[in-house]
Amino acid sequence: MAPNQPEIPLQHLDEVVIRFAGDSGDGMQLTGNQFTETSALFGNDLATFPDYPAEIRAPVGTLFGVSGFQVRFAAKDIHTPGDRPDVLVAMNPAALKVNLGELKEGGLLIVNRGNFSPRDLAKAHYDHNPLDDEKLAENYQLVAIDLNEATLKAVESTGLSNKDALRCKNLLALGMLYYAYGRPLAHTEDWLKKKFASKPQILEANLLALRAGAAIAENSELFKVVYQVNPAPLPTGTYRNIGGNQGLAMGLVAGCQLAKLPLFYGSYPITPASDVLHALARYKNYGVTTFQAEDEIAAICSAIGASYAGSLGMTGTSGPGLALKAEALGLAVMVELPLIVVDVQRAGPSTGMPTKTEQADLLQALFGRNSEAPLPVLATSTPADCFATALEAVRIATTYMTPVVLLSDGYIGNGSEPFRVPAIETLPSFPVRFHTEREGFLPYQRDDQSLARPWVIPGTPGLEHRIGGLEKEDGTGNVSYDPANHERMVMLREEKVARIAESYPPLEVYGEQQGEVLVLGWGSTYGAIRGAVNRCQDANLSVGMLHLRHIWPLPKDLGDILQRFKKIMIPELNRNQLCRLIRSEYLVDAVSIPLVQGRPFTSTELLGHIQDLHA
Amino acid sequence: MAPNQPEIPLQHLDEVVIRFAGDSGDGMQLTGNQFTETSALFGNDLATFPDYPAEIRAPVGTLFGVSGFQVRFAAKDIHTPGDRPDVLVAMNPAALKVNLGELKEGGLLIVNRGNFSPRDLAKAHYDHNPLDDEKLAENYQLVAIDLNEATLKAVESTGLSNKDALRCKNLLALGMLYYAYGRPLAHTEDWLKKKFASKPQILEANLLALRAGAAIAENSELFKVVYQVNPAPLPTGTYRNIGGNQGLAMGLVAGCQLAKLPLFYGSYPITPASDVLHALARYKNYGVTTFQAEDEIAAICSAIGASYAGSLGMTGTSGPGLALKAEALGLAVMVELPLIVVDVQRAGPSTGMPTKTEQADLLQALFGRNSEAPLPVLATSTPADCFATALEAVRIATTYMTPVVLLSDGYIGNGSEPFRVPAIETLPSFPVRFHTEREGFLPYQRDDQSLARPWVIPGTPGLEHRIGGLEKEDGTGNVSYDPANHERMVMLREEKVARIAESYPPLEVYGEQQGEVLVLGWGSTYGAIRGAVNRCQDANLSVGMLHLRHIWPLPKDLGDILQRFKKIMIPELNRNQLCRLIRSEYLVDAVSIPLVQGRPFTSTELLGHIQDLHA
Amino acid sequence: MNPATSYKKKDFVSNQEVRWCPGCGDYAILNAVQQCFASFGVPKEQFVVISGIGCSSRFPYYMDTYGFHTIHGRAPALASGVKIANPDLHVWVITGDGDAMSIGGNHLIHAMRRNLNIKILLFNNRIYGLTKGQYSPTTVPGKKTSSSPFGSLDAPFNPITVALGAGASFVARTVDTQIKHMKGILQAAHEHKGFAFVEILQNCVIFNDGAHAQITDKEVRDARQVDLRPGQPLVYGKELEMGLRFDGEQLLPCKPEEASIWQANSPTGARAFQICQNTEDGSIPVPIGLFRQVERPCLEDAIHQQVKEVTQNLGQGDLESLLRSGETWDVS
Amino acid sequence: MNPATSYKKKDFVSNQEVRWCPGCGDYAILNAVQQCFASFGVPKEQFVVISGIGCSSRFPYYMDTYGFHTIHGRAPALASGVKIANPDLHVWVITGDGDAMSIGGNHLIHAMRRNLNIKILLFNNRIYGLTKGQYSPTTVPGKKTSSSPFGSLDAPFNPITVALGAGASFVARTVDTQIKHMKGILQAAHEHKGFAFVEILQNCVIFNDGAHAQITDKEVRDARQVDLRPGQPLVYGKELEMGLRFDGEQLLPCKPEEASIWQANSPTGARAFQICQNTEDGSIPVPIGLFRQVERPCLEDAIHQQVKEVTQNLGQGDLESLLRSGETWDVS
Ligand SMILES: Cc1ncc(C[n+]2csc(CCOP(=O)(O)OP(=O)(O)O)c2C)c(N)n1
Ligand SMILES: Cc1ncc(C[n+]2csc(CCOP(=O)(O)OP(=O)(O)O)c2C)c(N)n1
Ligand code: SF4
Ligand code: SF4
Ligand SMILES: [Mg+2]
Ligand SMILES: [Mg+2]
């Protein structure tokens, strides 16, 4: 950028993984997001993974107070935020200690030397200063500078207090990285201007720090090389960066627009699902009503009530909340009203590790209700996929008059990636028509095709009728204890759900279409599996990949595909839940690859498992 | 009994099934119970099945107000209350209409002609008097008498009002049946004397009616034959008749006596589980505390609290209530405290048919919690088996420091059969010792064998510590978000539950030990399967029967046994729940025989299915 | 709203056989509600009757309106969703002392504080009827029931103080057998704009017969009940020959002409809180009637108002604007 | 009970690092509770601290006593089981406004009516702290939070009226920064035989900073708070130069010598109900201190008494008598 940088060599890279790590007060999420957005505008493919501490704001400098944000940006199509980072930015000793182990050998290590006082070191339980350790500079490209001092100097002119001035140090670090990767400052400058429009002094300081970072990096030749990661050859179209929970909210809103229904979201906050509520609460001008209920039970009940009254009722939660909704979900099955229940899964059991990810609510979603209460279960697999999966949930709920469980997880919900904004014409259309015809009306008369019952909303003259959780007589919906009727109704409810599979598009296997190993996945393992399978292809291993959006009912063509491979491998962030289902449905000896560490698989791990299966 | 009955022939029978049916105010449950007890004292083997209406007391004479009680008594070992009755006592037109279809051809039909006025007929939706239909007397041994008139006459001397006098008509009917089956009146007379000790007039009337029934039957030669059903060759011992819910309560109390622990039962009433609460509430002098909580969640939480404080905490419910307990059950898994959760299942989904039976909560019990929260699941199979299964639940909960789900159902809970009272010496012993040793104490240090953690109760000096639902560090139990620790803990919890299987006695296959068909069952299908298998043996069909008490973890010898048979058949009162588990665990092509009609299988139905599999 | 037809009671009678025990107090309440609904001048398709589980909760089946028999304790939560989604509907919740005050207590108090325009009729028979007679949170201590064979030990709730404590804007009590009084209260509840809580003393002939007899029996009724009528003096007795007056924290018998004038809309409702507890020893009659009625904003109105304002400020959203929102870039 | 050792505060400090945000009001409460526990003269192994989920609910980890961090909203239910199973234990429940008044509202009010001898400290920061700042059932209307970006619309609960309505036998309020006052209230709660409900106004520096500042800030505190002390006049101000007196349903400013004498044990608690609502417009100070304290039987005592009586009447049961119960017959 600056003219006088002849001697710094420029290296082209395919992709880079940067992890920003610091105290939760250090603004690492913000820094990471800015880097992500700038790279997105630049045209890279991207994936991010924020890693918050469990505490809101832990005491400064402690190990449990470390907040991280990983971004992977690439000149190619990528699917995960990367396994181990190429670059680590560590704002204090605690951040260094927690993250150093994962930095690639020889990776770039930027450390804020200004925060390595004995007190800081003690808080991170270091008994010596790791920066004094020679091995650090041997093993990594160490850039240890005093960001505090640099920041104070840079913003001196604003007259801010030291405390406020130091708040800008993350922008200084960001500026350095922008320089290193040849990125313009403009996007972040614009963003700062908007954010601090009413606080000119703070704005000025932040701008100064950002620019100073770039300048320092350039002038002091901090980096031995600078890098270039070209734009990725993404399919043409308009893109935006999207977070999983945000994408889900947008998809739900879009779905209701397509169904021509008002959206009612009744929810009770819970990590990591709360952001769906927060996002929807901002969509009030899209016919969205949000209701923060007193608990999860009230949340789902209010949503059922809203669907009964003619909105599309939805509720969102995480695993413990889904458990609480079980009884009411059974009611929704019985009264056959549309309803969407979002579960952004987290690590359990019980309260578990709320800020960590897991995929272990699958069997709960399928079977966690009294008696036979079948319902469709969908799973989204990436932040960008949330939009389409949400649309599909709305389509199924309204077409089949059924509650739907939509599984996401913390990794998807908090992660982000570029999302190709669909053209409106390409979206499916499924407008809802309420039933108003008196002639021959029966509350439980079914559509021949879908077996859905009519959706009649209170206020419709002449169609007054009663529904409820007691077993109902086929057709009339009156209470019935007749044994044969009960069996008929149980089977009708089951059959209705089974028929949903008739509306799926054919499954698409990625990679080999038959052969040695099929990696069968669902949910957030998508990126890691895709990465591993790509690497297999490079290594000429025969591997196919199939990723399920529809977990229940299972796609009709799944059985055939399973037959085409010698071995089926199912990696899941649980102990074997999809695997259990597949084994019982198809009697294939699928191999479970479980991981329950509150973190996603790495592609490398999966590659190893695939190689083992080939051995 | 009376001397002058020479011309009535006496017929010996192996077994008889009688169904008493009348209005819910007609005292059919009482009549059935008295017949049962008298037969028990006589030495028959027995099984009963009461069938209440859903309403507390429906308007007199309506179809939905019919209350039934079926008793089967036999000179041989029996296991179900019988498929279709040999004898039907119908106290009014509604009772006739609801039950006639099931009476065996040529069966004895006793009808209270006195209740067949046009109004009575209309309430039962009869447009004619069925007693006028000649086919009735052709197809059945019809005994149609006016019990009302007979009763009024019999008790005239007591001066009771007509209304009160008519209340005795069930005893008159009972007296008739006692005569027909050569049973003494003494037991019922004694029982009446106790019950109406403070109401001499009512007592007198009841006694008169009872005796009049026997006398009328004898003198008017109502029956063309009288029958004798000899005592059954039961194993020697002391017996009592026991209802399932009562037996469960007794077993839980006995279990706590053996564990030397106070029993705390926190529960919220729900059909058909409430009787367990009622029974335990009477055991206050056995160290039993009952707590009627505000809901199911509070019930289980109070029980967890009680276990924490050193009682054995228990809670009982039915399916919808189990759904509500899911979240707290996960907490119990995490804090590894003993706890027993009884689920007396009923027909669902949702509110379903609360008074009807079903076995469809199996997968809910196994998987109805967020994340990986494994726990042992037991199932009781008959009223008498409840006692032993309850003991086993106490043993497992206290030995392994784990919540246990114990599945029963409405059919078992409300049914009754003779129970051989065990000798105290034959009962297992598993006294609990709380941990009090300070030296090296760690809250999550595990027993080498069972992997149980120590049970330390508050109040123990020097062992103060904290537990909770967040993931805990191995050993210390401190909160931990460490990935590797999480995985270790998930697997330790899983392994601890898996090890319970090492403490099971070997499985016993009934009938063929290998060959064509194995009927694999659990829970209340026991009697029907056993009956069907017995009939197969008579028919020389190769069939083995295996009935599981331990559903999770599955017994270690189960896999081998499954291999010994060509076909595995799994009859369940659900759509395929155990079958799903067996298929996924053992990859055997087990055939599901589902029934969801809110009623148990008949042996005849199962016989048909077994024959089909042989075909 | 359609021009309201003129209805008869029978227009609100459904075709389902009523299945309560003969003699149950629920019959009289059903009758009164059907009569009142016919008289409100509301098109019948606008009524939604929502219940939980219990004998009382079977109510919707017998009403020829829209009806929803939900799950135990959750009717107020479900009704909240209905009312928010469609504020035009007339939403009535039917519940029992177990359904509303035991398992459903939390939803009840939250609905009260939010002040949705919903009417709740709590049939208080002081027992669990449907599950065959266990004690409830309103059962008198000492009562022997199936779950308390040696006598119940729990202190009961006073449903009126609970409602007042939760901030209900309309709190009333009536009696199953006093149909005229009941209809007056139902009418007032209907007219109230906001959450209306009505406790109905109801007799369960099977499991708790006579639970309210000491105040509702014809013979004692006049002496043992005082009807709270806003703006009227606190007088009672066959000839209204007795009065009550507040004296600080005491409530004292007095001549009718000295009786305090009842106000249901004071700033704090402290006297309502007081009078419904002043009756324990039997010297003072038990209040029925209107404890409290104040106006405050209804949540569903505020919600829809906010939606309107936001829409005005930000413009009506559609698919186009949704998809174009946020920072985008093009790849070509 | 062992002879109580003499404890220091540090005896109640656990070895776990405290993980609240710097500046959080919870620190001061932790400090006060540790000091008080040390002073009660109760052997430390007899304390059980039970919480739900929330920032506040992390409390037990920091106390070197027996502790149980349960699930969201259920602490009172779990604590009830603990107390019934072992009445000797000193059971303290720590909860937040979300934990106690939102998801846990029902368990809270049932515990209050049952009057178990349990102490509940509700940290009211009028926000959901742990889940990052959504409005709670005590949030003031209009507040913009993550879940109410255009302003919250819900009417809040008044925790004091809820407690009074549910029949709590001890109801008090104190402030995180007023440690002396807090310790006095904690001491009174400890001494109370029965359920003690203590609302602690607590500041969440991150999501609702200054939520209570208009009454708790040093500068306004004297003028904006009145401390309810049983048997003492309702006076306030730096020099206690102002008073309050009840006049029917009104609460009026007056000279200190005319101030009403505060009673916390009146038959109905109507004045407590009144005074905690009389403050909306700011003309009257906000009450802290002891709203209510009355004696009534504790459920756990009644339960154990009944067990004793039944055992006396029926004899101590054992395996033998259990197995021999009912009508039996022999087959030989
Ligand atoms: C989740 C759940 N728990 C328990 C029950 C059982 N149950 C049904 S109604 C009821 C109580 C009924 O009492 P109340 O509300 O007073 O109604 P009433 O029958 O007296 O009119 C109970 C405990 C249930 N249906 N669902
Ligand atoms: C069943 C369940 N639902 C939701 C949550 C998420 N959650 C945890 S704490 C909390 C609210 C905390 O607010 P409060 O009780 O006021 O405590 P504070 O953090 O303010 O101290 C919520 C909604 C949860 N842990 N469990
Ligand atoms: S049990 Fe009681 S409340 Fe229920 S219908 Fe019968 S009389 Fe009415
Ligand atoms: S978020 Fe608020 S309540 Fe929670 S620890 Fe931080 S300051 Fe305290
Ligand atoms: Mg009731
Ligand atoms: Mg809070």
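Chain A is the first sequence line, chain B the second, and so forth, proteins listed ahead of strands; every chain is numbered from 1.
Below 30°, between 30° and 60°, or above 60°: for Phe157(D) and His110(C) the angle between ring planes is above 60°, a perpendicular geometry.
When each of Arg296(C), Arg271(C), Gln305(C) is scored by its heavy-atom pairs under 4.5 Å with chain D, the top score falls to Arg271(C). Chain C forms more heavy-atom pairs under 4.5 Å with one residue of Gln306(D), Gln263(D), Glu309(D) than with any other, namely Gln306(D). In terms of heavy-atom pairs under 4.5 angstrom with chain C, the leader among Gly151(D), Gly248(D), Pro297(D) is Gly151(D). The residue among Leu108(C), Asn115(C), Leu299(C) with the most heavy atom pairs within less than 4.5 Å of chain D is Leu299(C). Residue with the most contacts toward chain D among Arg114(C), Met112(C), Glu249(C): Glu249(C) (heavy-atom pairs, distance under 4.5 Å).
Under the rule for a side-chain contact (heavy atoms from CB on, under 4.5 Å), the partners of Val307(D) that lie at least two apart in sequence or sit in another chain are Lys284(B), Thr311(D).
Annotation: residues 162-172 of chain C contacts chain D through Val162(C), Leu164(C), Gly165(C), Ala166(C) [non-hydrogen atoms, separation under 4.5 Å].
Neither the backbone nor the side chain of Leu116(C) comes within less than 4.5 Å of any heavy atom in chain D. Using a 4.5 Å cut-off between heavy atoms, Ile303(C) contacts chain D through both its backbone and its side chain. Proximity to chain D (any heavy atom under 4.5 Å) is restricted, for Pro156(C), to the backbone atoms N, CA, C and O. For Leu314(D), the part sitting under 4.5 Å from any heavy atom of chain C is the side chain, from C-beta outward, and nothing else.
Judged by distance alone, the side chains of Thr268(D) and Gln274(C) never bring a donor and an acceptor atom under 3.5 Å apart.
Annotation for Met101(C) and Asn106(D): closest pair O-OD1, 4.2 Å, computed over non-hydrogen atoms.
To the nearest 0.5 Å, atoms CG (Leu153(C)) and CD (Glu300(D)) are separated by 11.5 Å.
The side-chain heavy atoms of Arg113(C) and Pro137(D), taken from C-beta on, include a pair separated by under 4.5 Å.
No more than 12 heavy-atom neighbours from other residues, nucleotides or ligands sit within 6.0 angstrom of NZ on Lys144(C).
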